[in-house]
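Source: prediction; values computed, not measured. First the proteins, then the strands, lettered A, B, ... as listed; each starts at 1.
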Amino acid sequence: MSLDKPYLDIPGTTIFDAEQSRKGYHLNQFCMSLMKAENRKRFKADERAYLDEWPMTEDQKLAVLARDLNRCIALGGNIYFLAKIGATDGRSFQQMAGSMTGMSEDEYRAMMVAGGRDPMWGRN
Amino acid sequence: MSLDKPYLDIPGTTIFDAEQSRKGYHLNQFCMSLMKAENRKRFKADERAYLDEWPMTEDQKLAVLARDLNRCIALGGNIYFLAKIGATDGRSFQQMAGSMTGMSEDEYRAMMVAGGRDPMWGRN
Amino acid sequence: MARITASVYTSHVPAIGAALDLGKTAEPYWQPLFQGYEYSKAWLQDNQPDVIFLVYNDHATAFSLDLIPTFAIGTAAAYQPADEGWGPRPVPTVIGHPELASHIAHSVIQDDFDLTIVNKMDVDHGLTVPLSLMCGQPQAWPCPVIPFAVNVVQYPVPSGRRCFNLGRAIRKAVESYDQDLKVQIWGTGGMSHQLQGPRAGLINREWDNRFLDRLISEPEALSQVSHIDYVREAGSEGIELVMWLIARGAMSDSAPLVKHRFYHVPASNTAVGHLILENT
Amino acid sequence: MARITASVYTSHVPAIGAALDLGKTAEPYWQPLFQGYEYSKAWLQDNQPDVIFLVYNDHATAFSLDLIPTFAIGTAAAYQPADEGWGPRPVPTVIGHPELASHIAHSVIQDDFDLTIVNKMDVDHGLTVPLSLMCGQPQAWPCPVIPFAVNVVQYPVPSGRRCFNLGRAIRKAVESYDQDLKVQIWGTGGMSHQLQGPRAGLINREWDNRFLDRLISEPEALSQVSHIDYVREAGSEGIELVMWLIARGAMSDSAPLVKHRFYHVPASNTAVGHLILENT
Ligand SMILES: [Fe+3]
Ligand SMILES: [Fe+3]
C-alpha cells in the first residue's frame, strides 16, 4: 500500500485501520461474542477452552488471558471490541484504559480528576 | 412525502421504494427465510403454519398461498425476494415472471424467443 | 413543511449512563457534570421536537467487523437498547420515525451520499446516553428518534468536510418533507479522549474549547480540519467529533443562537462538551 | 503500480448459470448465447488479470431488508456461492484480495464515497454467472476477485453519474497501489429486463444498442441518463445497467479498444449484452 498513513507517528497510539482490522479479525469477533450473556458465562467457566473455539493466534489468546490490552491492540484488537472483555470481568472503561498506561488505577483516576493527560505527552 | 416519484406513471410496473419496502417488510423477510434448505422443507410440509410464524397480513399470506405474484408485489413484495418462493417450488424465473403477465407459460416463452415485449407496451 | 429548529451537541460517554442507571448522579465526582445538563433538560421540556435525528457512532455493538457502513440510517419502527457486555441499559425502547427517515434516506442518496439503510439494529450508549442526559429517566423517550450511525471505529472514517456537507443534505431533505414537523438534530461523541495505549487519558482543554468556538462561529472552516489533527490533538477517539459537524451542517446558514454551553473534565477517560444551538 | 488493463461488461442472468450447471449449453435455445462468449473465454485466457474487481448487485441474498448498503466492497479472504433457494451453484469458492480491496476502500472513502466494508458474505448469481460466462467451468477461478455490490433493489439506487464518478475514484485508487498488478474491472447486470408485473418480458433492442454505443464513445454523457429513463425504456430491472458505468468510469479517459461486442435476445426474461474494452 502506498497510501499515506500520517497517523503512524503519534506517540502511544495505534490507529485501527484495515491492516490492523485484518490482523485482529478473529480476536475482535471473539470479543463481540461476549455481548451474549450465555457466552460470557461459558467464557468465564473456562477461558482457554472458549478461546480455542476461535481461529485466533496463540499470541492473541495469551494476550487475552493475561488481559494485556496493549498487547491485544498490537495484535489487531480494537478498544471498543476489547471492552467486551472488560465488561465480562465487571471492569469499567476507566479501569481498562488505565491498565494500558503503566499507572496504577488510583494514579490514573487522579490524573483524570486533575484534568487528564497533557496533550503534549510524548511529543517532541 | 413530497419527493418526486416520477416512476409512478410507468404501466404495469411497481417500483420497490421505501414505502413498498415498509409495507412488504415481513413478507420479504419470510421469503428470505426460504434460502435455508430446512426452512424450505418446513414451509413445504405446512405452508399455512409456516406463514403463521411471520407477522404478515392475512392478505399477504393468502397471496403467497395462491402464488399470486402480482398481488404479492402490490402488498409490498419485491421480485428478488419473491423468487425464493418460486425456487422452493422448483420454478424458473421465467415461469415466475410469465405468471404475472396474464399469458400462458408457452405464450410468454414464445414472446421472449420472438424478441420480448414491445417497449411501447401500455404507453400512450 | 418540516424544519430543523435546533441542534444539540454532547459527549456520550458510557460511564455517564452507568452513573445515571446506578443512581450516582449526586456523588461529588458526577454532580458537576449532571449540573451542566440541568439547563438542557428544562430547555428540552420547553422546546419539545416532534422528531430527534440523532447522529452517533456504534461502538462494536450493532456492527462488528463483518460489516462496517460509513453512514447508516435507521428506518425501523423501534430499536432496543443493546447489551454491550454489562447487560442492556434499563432505558426505554427507542421509537423510530420510519416515514421521515425513509424520506431523508431517499433525498440524500439522490444527493450522492451513499447511505446504508438499516431496519434492524440495537442501539448502544452512543445513542442512549445523550437521550438520558437530555431527558433524565422517563418511562418513555419524549418523541421518535431517527438513529444515524457514523463509522468512526475503523479507518478511514469520513472527513469533517464530508460530514458537514452531509448535514446540509439532511437539512434540504427535512425541508422537503411535507408534514409540519419540528426536527432537532443531535451530534454526539467526543470531546478529547483516548481510550487506548500508553497515551490513554489525553485531554486537550484548549483545543476542545477552540473547537466549540469554531463550531459556533465558523463551522465550514472547522470542517477542513484533517483526521490526523483530531487524533493528534484530541486523542484517538476524539475523532468522534466529526459527527458534530453533521448536526452543525444541518443548521441554517445564518448565525445560530447559543442557548447553552458547557465543558467539564473528567467523565471517566473523557472531556465532556455540550452545546445547544437554535436556528433563528 | 497497479493498473486497470481492461473492462468487461455482461449480463448476469441466473438462468445462464443454471443452463451451464445443468449442461444445457449446446441446446438450440442456449447455443447462440454461449457462442457469443467463445471469443471472450479465449481473450481472458490470453489476458489474464491478477485481480478482477467485479461490480454486481446482490439479489436479496447477502442483504435482506434488514440492511441495504448503497455500495459494499468485499475485503474478505473468500466468499462462498450462495444458496438462493435452488441450492448453491456448483462453482468454485471465490478467493478475495483483502489487501487491494482494503486499499481501494481506504482511498475512495477519503474521496467522499461512503462505502460499506464487508468481511463476511455469500455471493449470488450476480457475481458467479459473469465468472462462469468468462471462464467456463474451471476447478478454481483464475484469479482473486474483489466483489463490489451496488444496491439496485430498493429505490433510490445510486445515479448513473454517481456510479461513473465512483469508477473514476476506483481508477485513482488502483493506480496508487504500490504492487504491480493488472486489474480488470467488470460491470454486470442488465440489459433490458423487467421481471415483474403485467409488463414483464420487456426488451428494448434499440435502446440497449444505443446504450452500448454510448458506453463506448461517450460514457460521461451517458451517465446523465436518469433512473426513470432506465425504468421506462429498459424495464424495472434494466436499472442494473448503472453498474456498467462504474466499470466504464474506471477506464482511462482516452478512447478504449473495442475487443468484443455481443447482443442476444433472449436469456430467460432478459436481453444479454456484452462488451470487452481494453485500455490503450
Ligand atoms: Fe463514542
Ligand atoms: Fe441482476
Side-chain angles (χ1 to χ4, degrees), chain A residues 3 5-7 9-18 20-22 24-25 28-29 31-32 34-37 40 69-70 73 77-88 90 92-94 96-103 108-109 111-123, chain C residues 13-15 18 29 57-61 63-66 68 82-88 122 124-126 152-157 192-208 226-239 265-271:
Chain A
L3 285 178
K5 291 195 172 185
Y7 43 81
D9 74 333
I10 298 180
T13 304
T14 306
I15 294 298
F16 188 69
D17 60 12
Q20 287 298 108
S21 176
R22 212 161 37 245
Y25 183 72
N28 288 313
Q29 296 298 82
C31 293
M32 287 297 282
L34 299 178
M35 289 175 67
K36 292 212 172 87
R40 293 196 287 270
L69 296 185
N70 279 324
I73 286 173
N78 170 277
I79 188 59
Y80 290 125
F81 291 81
L82 298 171
K84 321 297 184 202
I85 305 175
T88 301
S92 73
F93 228 118
Q94 186 169 56
M96 288 185 257
S99 81
M100 290 181 269
T101 61
M103 302 166 85
Y108 182 78
R109 187 180 162 96
M111 176 182 78
M112 292 316 299
V113 169
R117 182 181 304 282
D118 188 315
M120 292 309 291
W121 180 89
R123 285 155 77 171
Chain C
V13 188
Y29 183 91
N57 67 293
D58 181 80
H59 304 78
T61 303
F63 304 118
S64 72
L65 294 183
D66 284 344
I68 307 162
D83 181 349
E84 300 178 54
W86 288 272
D122 290 345
D124 73 10
H125 68 268
V152 292
V153 172
Q154 181 175 318
Y155 272 62
V157 310
S192 290
H193 62 311
Q194 173 143 350
L195 303 179
Q196 50 133 331
R199 194 181 180 235
L202 178 132
I203 301 290
N204 197 338
R205 182 182 283 268
E206 205 175 322
W207 194 91
D208 284 348
S226 72
H227 286 162
I228 183 68
D229 286 335
Y230 284 92
V231 175
R232 186 175 283 119
E233 301 299 337
S236 49
E237 281 68 43
I239 188 71
V265 177
S268 183
N269 306 285
T270 312

Inset, instruction - Report the option among Met120(A), Met103(A), Arg123(A), Lys36(A) that has the most heavy-atom pairs separated by less than 4.5 Å from atoms of chain C. - result: Arg123(A)
Legend entry - Closest contact, heavy atoms only, Gln194(C) versus Thr13(A): NE2-OG1, 2.9 Å
Legend entry - chain A interface, residue from Leu202(C), Asn204(C), Val157(C), Val265(C) that has the most non-hydrogen pairs under 4.5 Å: Leu202(C)
Inset, instruction - Compare every heavy atom of Tyr80(A) with every heavy atom of Glu237(C), then report the nearest pair and how far apart it is. - result: CG-OH, 3.2 Å
Inset, instruction - Starting at CG of Leu195(C), measure out to CE of Met96(A) and round the result to the nearest 0.5 Å. - result: 9.5 Å
Legend entry - Best-contacting candidate, Gly201(C), Pro14(C), Gly87(C), against chain A by heavy atom pairs under 4.5 angstrom: Gly201(C)
Inset, instruction - Find the one option among Leu82(A), Ile79(A), Asn28(A), Leu34(A) whose heavy-atom pairs under 4.5 Å with chain C are most numerous. - result: Ile79(A)
Inset, instruction - State, without any angle test, whether Asn78(A) and Gln154(C) hold a side-chain donor-acceptor pair at a distance under 3.5 Å. - result: no
Inset, instruction - Look only at the side chain of Arg232(C) and the backbone of Ile10(A), and say whether a donor-acceptor pair between them is shorter than 3.5 Å. - result: no
Legend entry - Exam field: side chain Arg199(C) to backbone Trp121(A), donor-acceptor pair closer than 3.5 Å: no
Inset, instruction - Check Thr61(C) against Lys84(A) and note the closest heavy-atom contact, atom names and distance. - result: OG1-NZ, 3.9 Å
Inset, instruction - Rounded to the nearest 0.5 Å, what's the gap from CE on Met35(A) to CG on Asp122(C)? Could you check? - result: 7.5 Å
Legend entry - Considering all heavy atoms, the nearest Met112(A)-Thr270(C) contact: CE-N, 4.0 Å
Legend entry - Most contacts with chain C, counted as non-hydrogen pairs under 4.5 angstrom, among Ala97(A), Pro119(A), Gly116(A), Cys31(A): Pro119(A)
Legend entry - The single option from Leu69(A), Ile73(A), Asn70(A), Thr101(A) passing side-chain contact (heavy atoms from CB on, under 4.5 Å) against Gln196(C): Ile73(A)
Legend entry - Tyr108(A) and Asn269(C): side chain donor to acceptor below 3.5 Å: yes
Legend entry - Interface residue of largest heavy-atom contact number with chain A, from Pro198(C), Pro266(C), Ala82(C), under 4.5 Å: Pro198(C)
Inset, instruction - Could you tell me the separation between the CZ atom of Phe93(A) and the CH2 atom of Trp86(C), rounded to the nearest 0.5 Å? - result: 6.0 Å
Legend entry - Per-residue contact mode, His227(C) against chain A (heavy atom under 4.5 angstrom): neither
Legend entry - Portion of Tyr230(C) that has a non-hydrogen atom of chain A nearer than 4.5 angstrom: neither
